[in-house]
Amino acid sequence: MNQSRASPTIAESIPRHPRSAQRMAGEKITSRASDYSQWYLDIVNRAGLAENSSVRGCMVIKPHGYAIWERIHDALDRMFKDTGHVNAYFPLFIPKSYLAKEEQMAEGFAKECAVVTHYRLKSIPGKGVEVDPEAKLEEELIVRPTSETIIWHTYKNWIQSYRDLPLLINQWANVVRWEMRTRLFLRTAEFLWQEGHTAHASKEEGEEETKRMLEVYRTFAEEWMAMPVLCGPKSDGQKFPGAEYTLCIEAMMQDKKALQAGTSHYLGQNFSKAFDVKFQNQQGQQEHPYATSWGVSTRLIGGLIMTHSDDQGLVVPPRLAPIHVVICPMGKELPEREASTKCARELAQQLKNLTREEFFGYEPITVKVDEDFHNSPGFRFNEWELKGVPVRVEIGPKDVAQNACVLARRDIPGKEGKQMGVPLSTAADTIVALLKTIQANLFSKAKAFRDANTHEVNSWDEFTKTLEAPGGFLLAHWDGTRETEDKISELTKATIRCIPYGGDTTPGVCVLTGKPSARRVVFAKSY
RNA sequence: CGGGGCGUGGCGCAGCCUGGUAGCGCGCCUGGUUCGGGACCAGGAGGCCGUAGGUUCAAAUCCUAUCGCCCCGACCA
């Protein structure tokens, strides 16, 4: 059975049983119905996505989790490049005074910044090391919670003329926000993200860019993650500190709570003024450029988990799956094993030979042949389901005898999702078609779930009762004031998630105050 | 930062009240039988019980201090 491995792919190098998430044969993960948060933690743990580190609030993203992030990164990066952006990198450390320059931002982030005060330790024999009091920084550095300030400080030198605009830059980076309570992927003290920072010669261009990038996020969320999202502005109470307004994509998780999955901010001239960035326009006048910033983070992985996964484990939509297809050869005796393994490898090769166009047009199919005969077939099936591989191919002696295989699709667990007697000669094409079907099915299932859990409510009584049960997104009239928004969230823990594009714009009266309301907005409890 | 809980082989826990020198399940290693939905048997390796003091002939167990983590709240992507 041993053979020299032909160029291992990323997928193949993912260990099946990472030491820290060992197999627990027979142990089921907690069901969503019995304890949703424990279910989430079980998925993250058992699928080998991440774990809590020894550093408070910071996670270790494990190979399988990171492989998903790489997929997200690659897809988005292509989309950013396609819309004219380039990548750059700015410092992790930001002089404390920069943060203070934009007042709203200073206020918004002050409470959660990590601060570097010294630049040296000294070694104390027998006691380890301690901070060298002699090595105090003249100006303290904060660890970036977001990079607007350092970037706009830099842009000052980059922008002189309208011909330097638009400036369309993105960076992939880590940021730190010192959160009190953390949850793997959803909220951690350090996380990975991308942040786009653009500068434009006019308000119109800036606003266009803000919308364009929201649309990129919507496309990514819906077409790659198969996660339906509502799009639209945040209320003033929910916008990014320092922004004129914030647009968002907002998704519904399986516990009917909302997850802010991405934001695109129109910053106006707030930062260009704060950092004194000016350009000379075509009329020869000095003007402050108009800015945007937009970002998504490793939080998306949390959203991915909570959108599609089930009580069997992780479910990953094909377009983001690190492994698209796992082929499990089976057999009792050595000759049977050899025969089924041979078929499995041939099928794997056929799949790898497919051109990109035949799949989703950008990447070849990733296939793993699971030749681990040490474990029983049942164990292996469960293991791959736990990891969320979209399609599993089973090839046993019975299949070999008739040149066929069994296909199992992850989005339909159990026997119902199995297709028996698929001829090996056409299996590759069938699998590609199946991957596309799964991608589409996951999206429509998620969308149907969201729609079924979105309710119009017309009175305060209806609002509170519906929020209690069945819960979900509430489409309600709101008088447009910050006070009412705060009051509602204080009373119910529900917040305005989004003022959705394409929503009901018939005027009405506010559910709480009875004052006139221009349109319905979306209320929900959120992560 | 308030309230609660927990630190004992890789993971999950028992033992602590009533001190006597550490045990169980899973995982791991070896051998054998298994193998189409989480197999079984036998043998084996692995822990100075978070850390530092104290009480005692003797401390995982009692006392003090300290560190860390988790859960619940107020804040946030």
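Below, read A as the first sequence line, B as the second, and so on, with proteins coming before strands; counting in each chain starts at 1.
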- If we ignore angles and hydrogens, is there a donor and acceptor under 3.5 Å between the side chains of Glu140(A) and Thr117(A)? no
- Using a cut-off of strictly less than 4.0 Å, decide whether Arg181(A) has a side-chain nitrogen or oxygen near OP1 or OP2 of C72(B). yes
- If pairing requires Watson-Crick or G-U wobble contacts with both distances under 3.5 Å, which nucleotide is the partner of A45(B)? none
- From the options C75(B), G38(B), U34(B), select the nucleotide whose nearest atom is closest to the side chain of Lys111(A). C75(B)
- Message: Once you measure the plane-to-plane angle for Phe240(A) and His265(A), does it fall in the parallel (<30°), tilted (30-60°) or perpendicular (>60°) bin?
- Response: parallel
- Message: Measuring only the P atom in each nucleotide, how far is G9(B) from A60(B)? A whole number of Å is fine.
- Response: 14 Å
- For the pair Arg392(A) and Glu385(A), find out whether any cationic side-chain nitrogen is under 4.0 Å from an anionic carboxylate oxygen. yes
- Checking A77(B), A39(B), U34(B) against the side chain of Arg337(A) (C-beta onward), the nearest is U34(B)
- Item | C1' atoms of C35(B) and A77(B), separation to the nearest Å | 47 Å
- Item | Side-chain-base donor-acceptor pair under 3.5 Å for Asn375(A) and G38(B) | no
- P gap between C11(B) and G47(B), integer Å: 14 Å
- Which nucleotide sits closest to the side chain of Asp399(A): G36(B), A77(B), G37(B)? G36(B)
- Which base, if any, makes a Watson-Crick or G-U wobble pair with A39(B), both distances under 3.5 Å? U33(B)
- Message: Taking the C1' atom in each of C48(B) and U30(B), what is the distance between them to the nearest angstrom?
- Response: 28 Å
- Message: Which nucleotide, if any, forms a Watson-Crick or G-U wobble pair with C17(B), using both distances under 3.5 Å?
- Response: none
- What's the NZ-P distance between Lys525(A) and A77(B), to the nearest Å? 19 Å
- Identity of whatever pairs with A22(B) - Watson-Crick or G-U, under 3.5 angstrom: none
- Selected nucleotide, minimal atom distance to Arg56(A) side chain, candidates A77(B), G36(B), C69(B): C69(B)
- Task: Using the C1' atoms only, state how far G54(B) lies from G19(B), rounded to an integer number of Å.
- Result: 15 Å
- Query: Are any side-chain N or O atoms of Asn270(A) and backbone N or O atoms of Gly242(A), one a donor and one an acceptor, separated by less than 3.5 Å?
  - Reply: yes
- Assign each of Gly414(A) and Arg183(A) the nucleotide of RNA chain B bearing its closest heavy atom; nearer the 5' end lies the nucleotide of Gly414(A)
- Could you work out the separation of G23(B) and G5(B) based on their P atoms and round it to a whole Å? 30 Å
- Item | Cationic N near anionic O, under 4.0 Å, Lys447(A) to Glu222(A) | no
- Message: Taking pairing as Watson-Crick or G-U wobble with both contacts under 3.5 Å, can you name the mate of G73(B), or confirm there isn't one?
- Response: C1(B)
- So, Ser340(A) side chain and Glu336(A) main chain: donor-acceptor pair closer than 3.5 Å or not? yes
- If each of Lys332(A) and Thr182(A) is mapped to the nucleotide of RNA chain B with the nearest heavy atom, which maps nearer the 5' terminus, i.e. the 5' end? Lys332(A)
- Message: Distance criterion of 3.5 Å, no angle test: do you see the side chain of Arg380(A) paired donor-to-acceptor with the base of G36(B)?
- Response: no
- Message: Under 3.5 Å, is there any donor-acceptor pair linking the side chain of Lys415(A) to the base of G36(B)?
- Response: no
- Item | Polar pair under 3.5 Å, donor/acceptor by atom type, side chain Arg299(A), base C76(B) | no
- Task: Find the partner of U61(B): check Watson-Crick (N1-N3 plus N6-O4 or O6-N4) and G-U wobble (N1-O2, O6-N3) distances, both under 3.5 Å, and reply none if neither fits.
- Result: none
- C69(B) and G12(B): how far apart are their C1' atoms, nearest whole angstrom? 16 Å
- Closest of G36(B), G38(B), C69(B) to the Met330(A) side chain is G36(B)
- Query: Looking only at side chains, do Thr495(A) and Glu485(A) share a donor and an acceptor under 3.5 Å apart?
  - Reply: no
- Between U34(B) and A22(B) - C1' atom distance, rounded Å: 35 Å
- Task: Could you check which of A74(B), G36(B), C69(B) has an atom nearest any side-chain atom of Lys493(A)?
- Result: A74(B)
- Go ahead and name the base partner of G68(B); Watson-Crick or wobble counts if both distances stay under 3.5 Å, otherwise write none. C6(B)
